Amino acid sequence: AQTVTQSQPEMSVQEAETVTLSCTYDTSESDYYLFWYKQPPSRQMILVIRQEAYKQQNATENRFSVNFQKAAKSFSLKISDSQLGDAAMYFCAYRSALEDSNYQLIWGAGTKLIIKP
Amino acid sequence: NAGVTQTPKFQVLKTGQSMTLQCAQDMNHNSMYWYRQDPGMGLRLIYYSASEGTTDKGEVPNGYNVSRLNKREFSLRLESAAPSQTSVYFCASSERGSPNEKLFFGSGTQLSVL
């Protein structure tokens, strides 16, 4: 069974600086998708960025980028120029590309990101 | 834009009581999901509905039932609430249910079972 591990329960960063959140996963599959979701105090989960395993190029979305290391099964999120609005819980998630995966997203336990003004 | 709307936002139940959590989406999505979120854990899938008229069990379905009332609405029912069901419940939807799709979430229901 697939697992997703976020080893940092909490991270803090100074406003305008860069922070990296770690995520590792375990799978025997070769084709899958990885996601980072943000959960602000409003509780509503919002997609930050996604990566397809068959693509070698790291995904980027404005100030957010990932470092996808398929062999190491690592999928870290880098936030550049941190802003106060980035303060939230961040969840890493895995989804199999197999049709019989039962729509199962496997979630990490989350990392709480604190932005210091 | 409403997106995914869940009601109620908060609920307190006594052990053995029943209740239904309501979810509606206005994005014409085919797939809908119910998750629970417990402290220190990631979200866990309770049930999902790939399309109108179909429902399937997820990772933790015991103690729950669902109804896909129509394309817009997907409800979650607790027939006899237990303290272990104290959690935050999220409804989500996606356009087709494809593995790479973005999920759209509601703002959750905080449920406490005493």
Side-chain angles (χ1 to χ4, degrees), chain A residues 1-10 23-27 29-55 59 61 75 88-112, chain B residues 1-6 8-10 23 25 29-51 54-61 66 68 74 87-111:
Chain A
Q2 296 87 7
T3 59
V4 176
T5 302
Q6 292 179 251
S7 59
Q8 306 152 316
E10 187 175 295
C23 173
T24 58
Y25 58 94
D26 189 26
T27 184
E29 297 172 345
S30 60
D31 196 12
Y32 48 86
Y33 301 88
L34 296 164
F35 305 82
W36 278 99
Y37 277 86
K38 169 185 177 181
Q39 186 179 38
S42 66
R43 282 200 317 223
Q44 192 170 26
M45 289 278 195
I46 303 165
L47 178 66
V48 175
I49 198 164
R50 67 188 131 185
Q51 175 80 41
E52 291 134 334
Y54 62 85
K55 288 188 177 178
E61 289 285 346
F75 182 60
M89 286 289 292
Y90 286 81
F91 291 90
C92 178
Y94 168 103
R95 188 162 177 179
S96 170
L98 295 176
E99 288 189 7
D100 63 351
S101 65
N102 292 332
Y103 297 80
Q104 190 84 287
L105 262 173
I106 311 299
W107 296 79
T111 297
K112 183 178 181 179
Chain B
N1 294 338
V4 179
T5 303
Q6 288 182 239
K9 294 192 183 306
F10 301 93
C23 175
Q25 52 90 11
H29 285 173
N30 287 309
S31 300
M32 298 185 73
Y33 314 81
W34 275 106
Y35 285 93
R36 61 178 288 172
Q37 182 180 30
D38 299 300
M41 299 180 69
L43 275 69
R44 291 183 292 169
L45 183 65
I46 305 170
Y47 270 93
Y48 66 96
S49 172
S51 60
T54 68
T55 61
D56 284 286
K57 295 179 181 179
E59 181 185 358
V60 289
V66 291
R68 183 75 183 265
F74 188 39
S87 189
V88 180
Y89 291 85
F90 287 95
C91 178
S93 71
S94 66
E95 188 174 359
R96 295 183 309 276
S98 300
N100 64 336
E101 276 187 332
K102 172 182 177 179
L103 265 61
F104 293 80
F105 284 82
S107 55
T109 296
Q110 173 81 58
L111 175 66

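By convention in this document, chain letters (A, B, ...) are assigned in the order of the sequence lines, proteins followed by strands, and residues within each chain are numbered from 1. The shown structure was predicted, so the numbers you read here are calculated from the model rather than taken from an experiment.
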Heavy-atom nearest pair, A/Ala109 first then B/Gly40, reads CB-O, 3.3 Å
With only heavy atoms counted, which part of A/Tyr32 is less than 4.5 Å from chain B, the side chain, the backbone, both or neither? neither
Can you tell me which portion of B/Phe104 sits under 4.5 Å from chain A's heavy atoms? Options are side chain, backbone, both or neither. neither
Test salt bridge (Lys or Arg N to Asp or Glu O under 4.0 Å) applied to A/Arg43 - qualifying residues, sequence neighbours left out: none
Closest non-hydrogen contact found for A/Phe91 with B/Met41 is CE2-O, 4.3 Å
Begin with the C-alpha distance, continue with both residues' side-chain angles, and end with the deciding distance and a verdict on side-chain contact (heavy atoms from CB on, under 4.5 Å) for B/Leu103 and A/Met45. CA-CA 9 Å; B/Leu103 265 61; A/Met45 289 278 195; over 6 Å; no
Where on B/Asn100 is there a heavy atom nearer than 4.5 Å to chain A: the side chain, the backbone, both, or neither? both
Which atoms of B/Gln37 come close to chain A, meaning under 4.5 Å heavy atom to heavy atom: side chain ones, backbone ones, both, or neither? side chain
Please find the pair of heavy atoms, one from B/Tyr35 and one from A/Leu105, that lie closest to each other, and give the distance. OH-CB, 3.7 Å
Honestly, the part of A/Gln51 sitting under 4.5 Å from a heavy atom of chain B is neither
What residues, two or more places apart in sequence or in another chain, satisfy side chain to side chain donor-acceptor pair (under 3.5 Å) together with A/Gln44? none
Measure distances from B/Ser49 to the heavy atoms of chain A and classify the residue's part below 4.5 Å as side chain, backbone, both or neither. neither
Which heavy atom of B/Glu101 sits nearest to which heavy atom of A/Arg50, and what is that distance? C-NH1, 3.6 Å
